[in-house]
Amino acid sequence: MSTAPFHAAPFDADRADLLSPEAVADPYPLLAALREHDPVHWSPRYRSWFLTRYDDVDAALRDVRFSSDRIAPYRRAKLDRPGADAGLRYAFGVLEEWMVFKDPPDHTRLRKLLSRGFTPRAVAGIRPRVEQLADELLDAATSSGAGTLDVVRDVAYPLTASVIAEMLGVPRRDQDDFKVWSDRITGLVFGGLADDGRHADGASGMAELTGYLADLVAAHEREPADDLLSALISARDEHDSLSHDEVVATGVLLLFAGHETTTNLIGSAVLALLRHPGQRALLDADPQRWSAAVEEVLRYDGPAKTVARVMAADVELRGRTLRRGDRVFLSPSAANRDPAVFEDPDTFDIGRRAGRQLGFGVGLHYCLGAPLARMEAAVAVPRVLARVPAQTVDEDRLRWAPVLLSRGMERLPVRLHPDPPGAR
Ligand code: HEM
């Protein structure tokens, strides 16, 4: 990964663009320049603020004035008027039910109920199944004799999609449809709010997915099973439970949150270890270090490039005023390479203590799926690496997704080990 200065000439913050081809391929030089020269950056291009210093990102993620309620204002401004697209209004209505887009007290209520269904114990119990799925996918992908493997498309993506679909209780025969709908709503969530054609596709994907889930929830209401949907339906405290619509919307959230980001983590972990054979050798010598390695990948090149907020009040920060209603992007990727917190931050070092990394966020909205994501990565990455020799990344065909919020590859082609595992 390049650590060259972003500009030899003086840094021109107004021209900074995280979606330029160079910054999509490697955002870290630009994020470093912003962190150093313009840590509370107003982007005319995105009409948004960008915060890049660790202390600012950490504080803002814990500060309710940086509101998560960012879907409802958009819906009210753009979709609650005559002639607005009804499908899109429906799709944004589902997103509005997601707790990740809510502030207290609505967020507190949903999080409490959801946490009851989504426990670390439930995650630990499925590890053997994740191992089996990963082996099956790798066997299928490597038996073709093609000699190459696309880590993202052949393994990470189908693995994480199947795991969350199975956890929810989606029958295997329906899982392909499920993945297609989920892909289509990606544009709505990660594509930002600009309508560039992905919205219509996303809206129809949302309608099909929620229609499917509503039937599945109804079936689970009649006949509970040992899965996450049934746990959500029965999740209740003394006063409260989730409504049918909330269970459906939460199913979409978990499906969505559960697979795109974890796919990106698995891809980034494989890439980092292929590019750093010395670190990979440390893991070969001591597999106990895998959890530290996953943590370091989350710090060094994690999937959460930015997290969006909307200002609920005016806030002064480093001499700038963030006004109520302004959009703000908080960058865990930038914070995680802040030299004020991490020594030698551009170095990938599985021996460091990366515990303070912000790759799963922090505060009220701290990622609920962190134990699942860590486990899936710790299962998948060593299995992939067991089948690929050193230095085999096809760098010319590797492609990063041009997305502001997340950092992940669309393709990670690698050459395969000539011998099957066991023959070495
Ligand atoms: C490496 C993989 C993952 C990364 C990097 C990641 C990252 C994040 C981040 C940064 C947030 C905070 C968002 C915010 O503050 O606005 C978040 C929240 C969330 N994540 Fe994850 N996530 C991952 C995997 C998962 C998985 C596997 C699931 C579940 C199946 C999941 C479910 C959630 C949920 C439900 C929230 C909302 C929590 C709340 O609003 O209280 N995530 N995630």
Side-chain angles (χ1 to χ4, degrees), residues 51 57-58 60-64 66-71 95-120 122-123 126 130 156-157 159-168 182 189-190 227-229 231-232 246 249-269 294-295 297-310 327-333 335-336 357-381 405-408:
L51 305 194
V57 174
D58 180 70
L61 284 169
R62 299 170 192 272
D63 185 339
V64 288
F66 289 75
S67 166
S68 290
D69 181 8
R70 52 194 183 274
I71 299 294
L95 296 183
E96 227 172 297
E97 295 291 329
W98 289 8
M99 67 176 173
V100 71
F101 296 135
K102 284 185 185 290
D103 290 332
D106 293 341
H107 171 264
T108 323
R109 172 184 165 266
L110 285 173
R111 173 124 187 163
K112 200 166 136 207
L113 287 165
L114 184 51
S115 308
R116 290 176 180 228
F118 203 83
T119 59
V123 169
I126 60 154
V130 178
Y157 189 82
L159 175 69
T160 54
S162 299
V163 168
I164 192 65
E166 278 194 21
M167 284 181 82
L168 281 168
S182 148
V189 183
F190 281 154
D227 57 34
L228 200 48
L229 270 192
L232 293 177
E246 284 172 340
T250 302
V252 183
L253 165 61
L254 289 177
L255 162 73
F256 194 75
H259 103 242
E260 183 80 25
T261 43
T262 315
T263 297
N264 294 343
L265 175 62
I266 293 170
S268 289
V294 170
E295 228 46 37
V297 174
L298 282 156
R299 184 201 70 80
Y300 174 77
D301 201 12
K305 190 152 59 181
T306 66
V307 169
R309 293 289 187 268
V310 172
R327 188 164 52 187
V328 189
F329 289 100
L330 313 171
S331 176
S333 292
N336 285 341
Q357 60 82 16
L358 296 176
F360 286 124
V362 73
L364 292 180
H365 291 276
Y366 178 77
C367 177
L368 203 63
L372 175 60
R374 287 185 169 115
M375 183 268 279
E376 289 183 272
V379 166
V381 181
L405 289 171
S406 77
R407 162 109 173 128

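Both counts, for ligands and for their atoms, begin at 1 and track the order of listing. Numbering of residues begins at 1 and proceeds along the displayed sequence. Please read these numbers as outputs of a predicted model, since none were measured by experiment.
Side-chain atoms of S331 never come within 3.5 Å of backbone atoms of L51 as a donor-acceptor pair (strictly under, hydrogens ignored). Judged by distance alone, with hydrogens and angles left aside, the side-chain atoms of K102 form a donor-acceptor pair with the main-chain N or O of E96 at under 3.5 Å. No donor-acceptor pair under 3.5 Å is formed between the side chain of R62 and the backbone N or O of A60. For the pair H259 (side chain) and L159 (backbone), a donor-acceptor distance under 3.5 Å is absent. When atom types are taken as modelled, the side chain of D103 and the backbone of S68 share a donor-acceptor pair closer than 3.5 angstrom.
Contact analysis leaves H259 out of contact with ligand 1, as no non-hydrogen atom separation drops below 4.0 angstrom. For L364, the closest heavy-atom approach to ligand 1 falls below 4.0 Å. Under a 4.0 angstrom heavy-atom cut-off, G302 registers as lying outside contact with ligand 1.
Below 3.5 Å of separation, one finds no N or O of Y366 facing any N or O of ligand 1. Geometrically, ligand 1 and H365 share a nitrogen or oxygen pair separated by less than 3.5 Å. Taking any N or O of R111, backbone or side chain, at least one lies under 3.5 Å from an N or O belonging to ligand 1.
Of the protein's heavy atoms, R309 NH2, 2.8 Å lies nearest to atom 15 (O) of ligand 1. Among protein heavy atoms, the minimum distance from atom 35 (C) of ligand 1 is reached at M99 CE, 3.7 Å. Closest protein heavy atom to atom 29 (C) of ligand 1: F118 CZ, 3.6 Å. Nearest non-hydrogen protein atom to atom 5 (C) of ligand 1 is G359 O, 3.5 Å.
At a threshold of 4.5 Å between non-hydrogen side-chain atoms, the residues S115 and L368 count as touching. Looking at L168 and D227, their side chains never come closer than 4.5 Å, going by heavy atoms from C-beta outward. Side-chain atoms of L372 and V163, non-hydrogen and from C-beta on, do get closer than 4.5 Å to each other. In this structure, the side chains of L113 and T250 stay at 4.5 Å or more apart for every pair of heavy atoms.
Heavy-atom proximity to I164, at under 4.0 Å, picks out these atoms of ligand 1: 30 (C). Residue L254 approaches ligand 1 through these ligand atoms, each under 4.0 Å from one of its heavy atoms: 30 (C). Close contacts between ligand 1 and L265 involve ligand atoms 1 (C) [criterion: under 4.0 Å to a heavy atom]. Near T262, meaning under 4.0 Å from any of its heavy atoms, are these atoms of ligand 1: 2 (C), 24 (C), 27 (C). Of all atoms in ligand 1, listed by their number and element, those nearer than 4.0 Å to a heavy atom of H107 are 39 (C), 40 (O), 41 (O).
Atoms CZ and OG, on R309 and S67 in that order, are 8.0 Å from each other to the nearest 0.5 Å. Distance CZ/F101 to CG/L253: 8.0 Å, rounded to 0.5 Å.
Screening the protein for N, O or S atoms under 2.8 Å from atom 21 (Fe) of ligand 1 yields 1; no waters enter the count.
By the 30° and 60° cut-offs, the orientation of the rings of W98 relative to F256 is tilted.
A side-chain contact (heavy atoms from CB on, under 4.5 Å) with T306 is found for one member of L330, L405, V57 and no other, namely L405.
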